[in-house]
Protein chains: 2
Amino acid sequence: MSAAETPPGATPPPDPPTRRGRAKRAVSIGDVARLAGVSSQTVSRVSTGHPRVIPSTRERVLSAMKELGYRPNSAARALRMGEFRTIGVVLFTLSSTGNSRTVEAIADHAAAEGYAITLIPVARPTQDDVLGAFTRLEELAVDGVVVIMEVHLLDTATVTLPPGVQLVVVDSDAGDHYAVVDSDQYDGARQAVRHLLDLGHRTVWHVAGPTGSFAAERRAEAWRTTLKEAGRRVPRIEQGDWSAASGYEAGLRLAEQPRCTAVFAANDQMALGVLRAFHEHGRSVPDDVSVVGFDDIPDSAFFIPPLTTVHQDFAEVGRRCVQRLLQQIRREATDADAGLVPTQLVVRHSAAPPRRAR
Amino acid sequence: MSAAETPPGATPPPDPPTRRGRAKRAVSIGDVARLAGVSSQTVSRVSTGHPRVIPSTRERVLSAMKELGYRPNSAARALRMGEFRTIGVVLFTLSSTGNSRTVEAIADHAAAEGYAITLIPVARPTQDDVLGAFTRLEELAVDGVVVIMEVHLLDTATVTLPPGVQLVVVDSDAGDHYAVVDSDQYDGARQAVRHLLDLGHRTVWHVAGPTGSFAAERRAEAWRTTLKEAGRRVPRIEQGDWSAASGYEAGLRLAEQPRCTAVFAANDQMALGVLRAFHEHGRSVPDDVSVVGFDDIPDSAFFIPPLTTVHQDFAEVGRRCVQRLLQQIRREATDADAGLVPTQLVVRHSAAPPRRAR
DNA sequence: GCTTCCCGAGCACCTACATGT
DNA sequence: AACATGTAGGTGCTCGGGAAG
C-alpha cells in the first residue's frame, strides 16, 4: 500500500489540496452527526457511552461512525478533559529481565485501566539524564510517571515535575518524597545468605552489582549484615556490573581463593559468569563451591547446574506501580504500605553443603 | 508530598473549586502572555523557536514562562497540528531479548526525531488479538505503528487501520501490503547449518521455534533447504517454543539418538536447554555433539561451553523501523530495499568437527 | 415532569493576515 | 519594504443551559 502514488480514479480524493500543511484530515464528530442527522454532541454521547440516548438514535450514529471510519480524536478529548490517560515510564535500559518484565506488567495493567504507556529512555543512568528526561516530560503528554532507576539523589527540591504530574519510583530509595514500589531486596538477599550459612558454609563471598544501583547496594548491605549477625567473617566484595562478563571476571578471582566455598551473586547473569569461571578452573558446583543468584530469570533453571536463586515477582511490582500511580492521579486514598513486594528463595542444585561438612 | 491534604495557608489555593470535574488547571499560553505583557501569539512564537521575535521581548516571555512553570499543552498542539508525534508499538511480549532490544532501539531513535513511543501489548500472539489492538489503536494517539509479530494472515483487506496511520511490520512476511523490516533470518540459519556441515557433520538436527512464528519458520526452512542442497538427509524436526525448557525437552530426545552429532537450535535459550540435556546425558559438547544457536544474546558467550551462534543486529532493525515509518508519515520517498538487516555467524566453542572426522 | 436533543462556548494552540513601526 | 507584534479564526470535543418532544 504505497502512499506515494494513488491508483488513478479509484476513490474520490480523500485529501484534496485544501489545507496545505496538514497531512491527514480526520473524520470529525461533525461529519458523523451530519450523516446520522443528529447534532454533534449526540454523537459525543454515543461515543462516551452516555446513557441518555434513545436506542434507535444510537444505532443510527453507530452505523454512521462505521461508514465513515470515524475515530475520536484523542488530542481534542485530552484538551477538553485536561488529562491524557497515559503514563510515562522513565528507564535506562530494557535489556535487563527485571526492567522489561516490570514494564510489561505496567503496560498490561495500565491498558486494563484505559491508560496507555509511553517509554522515555535515558541515555545513561545518571541523575543528570533523569533530570533531562523530566524536562522532556514537560513536552510529553502524561498524567504520571514511573521511574525505574536509582534516583535518591534528586529527592529534594531539585526536581520540578510539571504541575499535576504524579510520580512513582522503582528500584530506588527516595525517602518519603515519592511513592516507592520495589521487591524486598533486603529480605531476598538475607534469605540467600542464610541458606548458604545453614548449609554449613563458614562464610559467603559476594559478587555485587554496580555501585549507584539501589538494588545492588541493598543486596550487598543485606549480605554484609546477615554475615555479621551470624558472627562470620565478611570477605572482600567482588564488584560486578550485572553482566555475565563481569560475573565471569569475578568468578576467575574467586576460583583462586581456596577457602571460598560459597558465593552469592547479586543477579542470575553474574551467577552464570561465576558458574563458567568455576567450571573452567575445574571447581565443581555445587561439590566444591556453592552459588546462589538473584532474580530467577527463566533461563536460570537450565544453567549447569540449575541455579538456586531468589525469585522476584516483577509482575506484581508493575501492578502495584500503576495501582499506586492511578490512586495519586485520581487523588484517592493511597495505601501507604503497599510498596514492598515479597521475594523468595527457590532452591535448585547450585548450592550444597561444603565438602568437609558432609 | 501528599496530595490529599494542603498545608493550611501555605500557598494561595492553586486549584480553587471552580471548574468542578477538572483535576488540574494547566498554565496556558495566555497566562504567560499576560504576565509578559505581550500577546499570546508572541508567546507561541517564542515557544516554537520562531525567529521573528526581538531578543528583549523573547527574554521577557522566557522569564514569564519560567516564573509560571509553563509547559506547552501537547494535546492542544496535537489538535491544532493534526499529528501526535508518537508511534505505537504492538507486541506480544517484552520478555524475549529480541523484542526488548528492538523496542529499545525504536524508542531511542524515535526520541531522537522528537517522537514518543507508546506500548500496545496484546494478550496472546494471535491474529484476533492483533486485530483487537488495531481497534484500540483508534483510541490511541499515534501517527504510525510498528507491529513486532507474525501478522501475515491479516495481509488483505481485513485490517482497517485508522485513516492516515502508517504501518511497519517486524518478524513477519506481509507480502507487499506493508513495509517489512527484519533480520535476514534465512541467511543466518543458512550460515549456521553450513558451518556445521563444513565442520564435517553428515547432517544437522534442528530444534525449531513455535509454529506460527515467522522467524521460526524461516529458520527451519533455511535449515531444510541448506541440508537438501548439500544432498544430506533431513532429520525429523524437534518442535520447541523458544523457551529453555522446550530446548531441554528436545535435547533429551536428541541425546538418545546416537547418530546425532550436530544440532542447530532456533534460538539461544533453546540452545541452553539443549546444552544442559546433553550435559546430563554425559554427551560432551562439542566433543560428542556440536550445538549452534541463534540471536547471540549477551549471556550466550558464558554458556558452558560458550555458544557458537548467529548474531542479530536488533538495534539496526529498530533504527530502520522508525526511519521507514517516519518516511511514510512524512510522505517522503521510501527506500524500498532497506528491509533486510544482515545477520552473522559468531564462532565460539560449542561446535567442532565430529569425533570420527578428527 | 421527564427524556432527548441542540446551541453556544471554551479548552490551548497555531496559521494567516492585518497593523503599526 | 522589511520587520515585529497583534487580531481573528479554527482545530475536535464535551459541558452547561435551555428548548422541544
Side-chain angles (χ1 to χ4, degrees), chain A residues 18-34 36-61 64-65 68-85 138-139 141 162-164, chain B residues 15 18-34 36-61 64-65 68-85 138-141 162-164:
Chain A
T18 50
R19 226 176 317 272
R20 264 160 314 157
R22 298 286 306 281
K24 41 189 172 180
R25 160 82 176 110
V27 181
S28 84
I29 211 172
D31 302 328
V32 176
R34 209 168 306 120
V38 298
S39 80
S40 51
Q41 66 288 33
T42 301
V43 177
S44 167
R45 282 203 243 280
V46 171
S47 88
T48 53
H50 193 96
R52 303 237 177 292
V53 181
I54 207 166
S56 68
T57 312
R58 158 172 283 118
E59 273 321 308
R60 209 143 32 91
V61 171
M65 282 180 178
L68 261 33
Y70 165 76
R71 72 165 172 153
N73 181 320
S74 43
R77 177 122 67 188
L79 174 57
R80 188 78 230 296
M81 305 303 276
E83 61 170 14
F84 303 102
R85 294 194 79 81
E138 315 237 319
E139 298 286 343
Chain B
D15 191 23
T18 50
R19 224 175 320 270
R20 264 160 315 158
R22 300 288 307 283
K24 42 190 173 179
R25 159 80 177 111
V27 181
S28 85
I29 214 171
D31 302 328
V32 177
R34 210 167 308 118
V38 297
S39 80
S40 50
Q41 194 37 265
T42 304
V43 177
S44 168
R45 280 202 249 275
V46 170
S47 89
T48 52
H50 193 95
R52 302 232 181 295
V53 181
I54 211 164
S56 67
T57 314
R58 158 172 282 118
E59 274 319 308
R60 209 141 34 91
V61 172
M65 282 181 176
L68 260 31
Y70 164 78
R71 72 167 172 151
N73 182 319
S74 44
R77 187 171 285 179
L79 173 57
R80 190 59 179 71
M81 306 301 276
E83 60 169 16
F84 303 101
R85 295 193 78 82
E138 316 237 318
E139 298 285 343
L140 256 26

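In the text below, chain A, chain B and the rest are named by the order of the sequence lines, each starting its count at 1.
Here A:Arg80 contributes atom CZ and B:Leu79 contributes atom CG; the two are 12.5 Å apart, rounded to the nearest 0.5 Å. Here OG of B:Ser40 is found 10.0 Å from CZ of B:Arg45. Values are rounded to the nearest 0.5 Å.
The phosphate of C:dC11 (OP1 or OP2) has no side-chain N or O of B:Ser28 nearer than 4.0 angstrom. Of the side-chain N and O atoms in A:Thr57, one or more sit less than 4.0 angstrom from OP1 or OP2 of C:dC5.
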Start with the C-alpha gap between B:Ser74 and B:Arg85, add the side-chain angles, then the distance that decides, and say whether side chain to side chain contact (heavy atoms under 4.5 Å, CB included) holds.
CA-CA 10 Å; B:Ser74 44; B:Arg85 295 193 78 82; over 6 Å; no
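Whole-Å rounding puts the B:Tyr70 OH to C:dC13 C1' distance at 8 Å. Separating the CD1 atom of A:Ile29 from the C1' atom of C:dG10 is a distance of 15 Å, rounded to the nearest angstrom. Summarising the geometry, the separation between CZ on A:Arg77 and P on D:dG12 is reported as 14 Å, rounded to the nearest angstrom. Taking atom CG on B:Asn73 and atom P on D:dG12, their separation rounds to 16 Å, with Å as the unit. Separating the CD atom of A:Glu83 from the P atom of D:dT14 is a distance of 12 Å, rounded to the nearest angstrom. Taking atom NE2 of residue B:His50 and atom P of nucleotide C:dT15, one finds them 9 Å apart after rounding to whole Å. What separates CZ of A:Phe84 from P of C:dA12 is a distance of 10 Å, to the nearest Å. Regarding B:Leu79, its CG atom lies at a distance of 11 Å from the P atom of C:dC13, rounded to whole Å.
Heavy atoms only, all atoms of each residue included: A:Tyr70 and A:Ile29 are closest at CE1-N, 3.7 Å. In this structure, B:Thr57 and B:Val38 approach most closely via the heavy-atom pair CG2-CG1, 3.8 Å. The two residues B:Arg60 and B:Gly37 come nearest to each other via the heavy atoms NH1-O, 4.2 Å.
Between A:Arg77 and A:Thr48 there is a side-chain heavy-atom pair separated by less than 4.5 Å. Considering only heavy atoms from C-beta on, B:Val61 stays 4.5 Å or farther from B:Arg58 through its side chain.
For A:Ala76, whose side chain is taken as the heavy atoms from C-beta onward, the closest listed nucleotide among D:dG12, C:dC13, D:dT5 is D:dG12. Side chain of B:Pro72, nearest nucleotide from D:dT14, D:dT5, C:dC13: C:dC13.
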What nitrogen or oxygen pairs link the protein and nucleotides 7-9 of chain D at under 3.5 Å?
{"unit_1": "D:dT7", "atom_1": "O4", "unit_2": "B:Gln41", "atom_2": "NE2", "d": "3.3"}
{"unit_1": "D:dG9", "atom_1": "N2", "unit_2": "B:Arg80", "atom_2": "NH2", "d": "3.2"}

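In the model, B:Ser39 has no side-chain atom that pairs as donor or acceptor with a side-chain atom of B:Gln41 under 3.5 Å.
Direction of the helix axis in the helix from C:dC2-D:dG21 to C:dT21-D:dA2 shifts by 50° between the two five-pair termini, rounded to 10°.
Among the protein residues, A:Val43 comes within range of no part of the nucleic acid, since none of its heavy atoms lies under 4.0 Å from any strand.
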